[in-house]
There are 2 protein chains.
Amino acid sequence: MGAGLTREPADAATGYDQVFAFVREQLLSGQMKAGDRLLPERELATRLGVSRPVIREVLRALAAIGVIEIRHGYGSVVRRPDFAELGDLFTMMLAQQGEVVEDVMEARIAIERQAIRLACARATSSDLAALGEALRRVEETVKDPQIGGDADFDFHAALIAAAHSPTLASLHAAIAVLLKRSHLERRERITSLDGIETYLVEHHRELLAAVAARDADSADRLLMQHFAIGTEYQRRAAAERDRSPPTS
Amino acid sequence: MGAGLTREPADAATGYDQVFAFVREQLLSGQMKAGDRLLPERELATRLGVSRPVIREVLRALAAIGVIEIRHGYGSVVRRPDFAELGDLFTMMLAQQGEVVEDVMEARIAIERQAIRLACARATSSDLAALGEALRRVEETVKDPQIGGDADFDFHAALIAAAHSPTLASLHAAIAVLLKRSHLERRERITSLDGIETYLVEHHRELLAAVAARDADSADRLLMQHFAIGTEYQRRAAAERDRSPPTS
DNA sequence: CTTGTCAAAGTGGTAATACCACGGTATGAA
DNA sequence: TTCATACCGTGGTATTACCACTTTGACAAG
């Protein structure tokens, strides 16, 4: 069966399949929403004409995919969808496909390029305030790769939130575990470059300025530079050196 | 609990939690791998000192997250991870967040733009052959929005496969259900435009040609036109009309 | 010897009944 | 009014019995 909440049951429907379909319909049709309590097991069993263990099997399945939460003595409650719940599963599944820490950059580039274009069109003043706060945290944590990597991730998550695209946000959340690891590794890799801290902070500031100016093309260009950040910084350092002859 | 195959069980462990942890450990440690059959329910119950219904609840949960497949009369088999299994779950979770059919275009644009750049660099001859075959199917199904929409989706999936990025591929698979719906709706929307069929097929052909030519900038430009396909075609039809006076 | 058929064994699917554990609410006493 | 306790409702589990499906082995026929 698998995570088949939106899939049709087999024609020779078992009791389990019929109950699953019933609950699924309630969820998809909007009759039940986050916070609502399902009918008690005994009542569901009576109403649906099955035994209570079958109900329990369905509820366990729904709980396993994060759709409900079973509370002993209280009942089963519909949960608000949380894409971060998928993160662990996603990470594990990807990990079984071989080395993906580098490849996750491709997904990051894809999502952020589109998100920043949307952010230039859609960002609200409170989105910009959130970005400003995230920038402040990037600045104050820039010396520490671990905390700084997390702050870096948060800045980019705020960018994606400013895009107001639920689909992009959900994809980003699904790969968040891998992205955080990627942010940390990139930070560790570039931390030894002279002057990188100032460059990092200024670059994030320029990204925020482009969004505030609603300049999608500049934002995109800056973002591409951002993804090449170690390479770019070394190129600029070399250019500065060529322009300033040695003073010794 | 949620999709917590990689998460620690609660300390006050129920029978269910203990059994779940036992099976989980077998899976994560590599003792059990895809294709392996779990012990029969009755034997698991005896060995773990719980009743059979508890075992069944655990197995249902594992099946719901796609980790195993329960086969009547045969036993429960460990499954190979399959991102398409996440698709239904993803779709359901997104659907609870309001209208996402239009918004899924943003994710599509993000993924495909990055994928086609990678495809220009990485596509093998067998990727190009697969794209050619997908193009042939687009051509032969172009008159039917339903089947044509599916063929259209398959062409774009072949593009993403040619990128050889597991992360992008998995994200695409996760939103495949929504994308197929989106492809169909777009097809239905433009199906009444005169000459659209030829235009559609030619446009897909040009996309394939750009990938074969390893021309990432052209590919990206063509792709952006592709996403605006209804608008673009109407603009060209108007330009043709302005250039050719009526013959009546 | 090979192939086909059928029955038995093993495995999952379900129902019914009983009882224990937890959480929330209502009632009574201070 | 506040606190403690009892009760009720809900989930967690065990046991027993029986049905449905799949596989394997034995036997018969060619």
Can you tell which of [options] lies closest to the side chain of [X]?
X	options	result
A:Tyr16	D:dC21, C:dC22, C:dT14	C:dT14
B:Glu41	D:dT10, C:dG12, D:dT15	C:dG12
A:Arg42	D:dA14, C:dG12, D:dG12	D:dG12

Atom-to-atom span, [atom1] of [X] to [atom2] of [N] - whole angstrom:
X	N	atom1	atom2	answer
B:Arg60	D:dT13	CZ	P	17 Å
A:Arg56	C:dG13	CZ	C1'	16 Å
B:Leu39	C:dG12	CG	C1'	15 Å
A:Phe20	C:dG13	CZ	C1'	17 Å
B:His72	D:dC18	NE2	C1'	12 Å
A:Tyr74	C:dG23	OH	P	13 Å
B:Ile55	C:dT11	CD1	P	14 Å
B:Glu57	D:dT13	CD	P	7 Å

Answer with base, sugar-phosphate or nothing: what part of the nucleic acid does [X] contact at a heavy-atom distance below 4.0 Å?
X	value
A:Leu59	nothing
B:Arg71	sugar-phosphate
B:Pro53	base

Mapping A:Val54 and B:Arg37 to their closest nucleotides on DNA chain C, which lands nearer the 5' end?
B:Arg37
Does the side chain of A:Asp103 pick up a donor-acceptor pair with the side chain of B:His164 at under 3.5 Å?
no
Is the Lys NZ or Arg CZ of B:Arg60 less than 6.0 Å from the centre of A:Tyr16's six-membered ring, within 45° of the axis?
yes
Distance to the ring centre below 6.0 angstrom and angle to the axis at most 45 degrees; does that hold for A:Arg108 and A:Phe227?
no
Identify which one of B:Glu197, B:Arg205, B:His204 satisfies the side-chain contact (heavy atoms from CB on, under 4.5 Å) criterion when paired with B:Glu139.
B:Arg205
Does the D:dG12 base have a donor-acceptor partner in the side chain of A:Arg52 within less than 3.5 Å?
yes
Does the A:Asp36 side chain pair with the main chain of A:Lys33, one donor and one acceptor, at a distance under 3.5 Å?
yes
Can you check whether A:Thr14 has a side-chain N or O nearer than 4.0 Å to OP1 or OP2 of C:dT14?
yes
Earlier contact from the 5' end, DNA chain D, for B:Ser51 and A:Pro40:
A:Pro40
